[in-house]
Amino acid sequence: MAEPAKPQATTVYLYELAWILPSIAIPVGMLVALVVTAFGVGVHVPSVAGRVDPTKVAQTPPFDQPGLVQVGPGRYEARMVAGIWTFAPNEIRVPAGSSVTFVITSRDLVHGLMVHKANVNVMVLPGQVARVTGRFDRPGEYPMICHEYCGVGHHTMWGKVVVE
Ligand code: CUA
């Protein structure tokens, strides 16, 4: 029986290189993507957009009048209050091609707001104002749900954005 051929030194070297190079290139590529999206494109995780006394949400503008306000051509602001177990308002209607900035806080405990298929996903914390903008180009219904467990009625806490 013939012995298996011994690998050449250069073969081993190339094989190692084939692993080493991607292991450097992939993290470098990820870092570049992170820097470009954060500083070049301005993509950020939604952060605290303001503070509000959670016991006085109903008296504090703009949350004393929850609803949809047009702030420019094709631009809307949805002023919302989350509470067990509803969103106020729980239905928003906008024409197709609109961008909607959700300004939302909680009047009781920790909730979340996620609008399906619209890249809207924020934590809604008492005392904090969250602000996030989504685009609605295609007509249809976009469910908005609470994605933080907030008690026995959590699963009933939902609404929708209707794009006409
Ligand atoms: Cu509110 Cu879950």
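Remember, it's 1-based here, ligands and their atoms both numbered in the order they're listed. We're numbering straight along the sequence, starting at 1.
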- Hey, any chance F87 and Y76 share a hydrophobic cluster, counting ILVMFWY side chains that come within less than 4.5 Å of each other, even indirectly? yes

- Message: Holding to salt bridge (Lys or Arg N to Asp or Glu O under 4.0 Å), I want the full list of residues that pass it with E16, two or more places apart in sequence or in another chain.
- Response: none

- Member of C146, P54, P126, C150 meeting the side chain to side chain contact (heavy atoms under 4.5 Å, CB included) criterion with S106: P126

- Task: Please check if the distance between the ring centroids of Y142 and H116 is under 6.0 Å.
- Result: no

- Query: How about atom 2 (Cu) of ligand 1, which protein N, O or S atoms come within less than 2.8 Å?
  - Reply: C146 SG, E148 O, C150 SG, H154 ND1

- Would you mind reporting whether E164 and P95 have side-chain heavy atoms less than 4.5 Å apart? no

- Taking only Lys NZ, Arg NE, NH1 and NH2, and the carboxylate oxygens of Asp or Glu, determine whether K117 and E141 approach each other closer than 4.0 Å. no

